[in-house]
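Scroll down for the structure; my scribbles are underneath it.
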Amino acid sequence: MKKELTEFEEKIKELKKKRNAIILVHNYQLPEVQDVADFRGDSLELSRIAAKTDAKVIVFCGVHFMAETASILSPDKKVIMPDVSSGCPMANMITAQDLRRLKKEHPQAVAVGYVNTSAEVKAELDYCCTSTNAVAVVNAIVKEEIIFVPDKYLADYVSKQTQRKLIAWNGFCPTHVKILPEDIKREKKFHPFAKVMVHPECLPQVVASADAVLSTSKMCRFAKETEAKEIIVGTEVGLIYRLKQDNPTKEFYPATERAVCPNMKRTTQEKILWALEELKEEVRVSDDIRLRARKAIDRMLAIV
Ligand code: CIZ
Ligand code: SF4
């Protein structure tokens, strides 16, 4: 049975039409935010939709670098965030100046950066990548020396998968490192028939204990396609709401309830309504940075 719309949901629907807006929602957002989404997805899926849509306004419910990426790919649209203070602590662990210094220390190296970086950092990269395509991007690079920023655990995973030595930065996701090897062990004991899928931002010991290491978009696909009826999920807990809706006959267990990204939980229906009313806060990237950052994203898109 279809749920009746709440008062906020009715108003959001009305205003969305009036403003010619669409609401893009990251897989880690609160259930109440996922409930008003036109599309849910990972950062790249959402940016691709932002680039394709006819809507004039994109309400981006996620963290700051994701709204920037959407704006880089669709500069003619107005990208707004309901809570512009939602940042990604991992993205904030490296600045453009840090990366320039690292490149100077390794002048022959190709610079690859995770999508979890500011637009300014992306402007210094040769290639962008996401957790979906990081292995493919590194495999496509012929030159010997590769810088990989900012996530040291994603770098470790990619290095093992590609047999390439990577010059990694010391960044990490404070949410994913809360998932511990003992959490996986405990959940496996409770659910002996469950498959374990984890995100490559997790600790190497957690990654080593998983049946599958996947980005959130790939987790959504894996959950649908696997024969398993039970899945232990090693990523930010917000994804479980969507997994359950998409797969009502399967059971999903968070590896730990502690894996919560506070920045992803700042957005609420109330803030979405304000954002649509005021058309704020806009996220825009200056032309100079945008064009340089775009090159790194386009080089990634040419590979995958
Ligand atoms: O790219 C994204 O959306 C992130 C940060 C995570 C994921 O795996 O979806
Ligand atoms: Fe950043 Fe981690 Fe939050 Fe993702 S879950 S937005 S990587 S802090």
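Read the numbers this way: they start at 1 and go in the same order the structure lists the ligands and their atoms.
Residue contacts with ligand 1: N27 is excluded, as none of its non-hydrogen atoms falls under 4.0 Å. Under the 4.0 angstrom criterion for non-hydrogen atoms, N263 is not in contact with ligand 2.
Under 4.0 Å is where a charged nitrogen must lie from a carboxylate oxygen, and between K11 and E7 at least one such pair does.
Between D42 and ligand 1, not a single N/O pair is under 3.5 Å apart.
Of the listed residues (V63, V115, N116), the one carrying the non-hydrogen atom nearest atom 5 (C) of ligand 1 is N116. Here atom 1 (Fe) of ligand 2 lies nearest to C88 when heavy atoms of P89, C88, G62 are compared.
Of all the heavy atoms of S131, the ones lying under 4.0 Å from any atom of ligand 1 belong exclusively to the side chain.
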ask   = Could you go step by step and tell me if R266 and S85 meet the side chain to side chain contact (heavy atoms under 4.5 Å, CB included) rule?
value = CA-CA 8 Å; R266 286 176 178 272; S85 66; 3.4 Å; yes
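Scanning all protein heavy atoms for the shortest distance to atom 4 (Fe) of ligand 2 gives Y28 CE1, 4.0 Å. Taking atom 9 (O) of ligand 1 as the reference point, the nearest protein heavy-atom neighbour is T216 OG1, 2.4 Å. Counting protein heavy atoms only, atom 1 (O) of ligand 1 is closest to S43 OG, 2.7 Å.
At least one N, O or S atom of C173 sits under 2.8 Å from atom 2 (Fe) of ligand 2.
In summary, the atoms of ligand 1 found under 4.0 Å from a heavy atom of H199, numbered by their order in the structure, are 6 (C), 7 (C), 8 (O). Counting atoms of ligand 2 from 1 in the listed order, those under 4.0 Å from a heavy atom of N116 are 7 (S).
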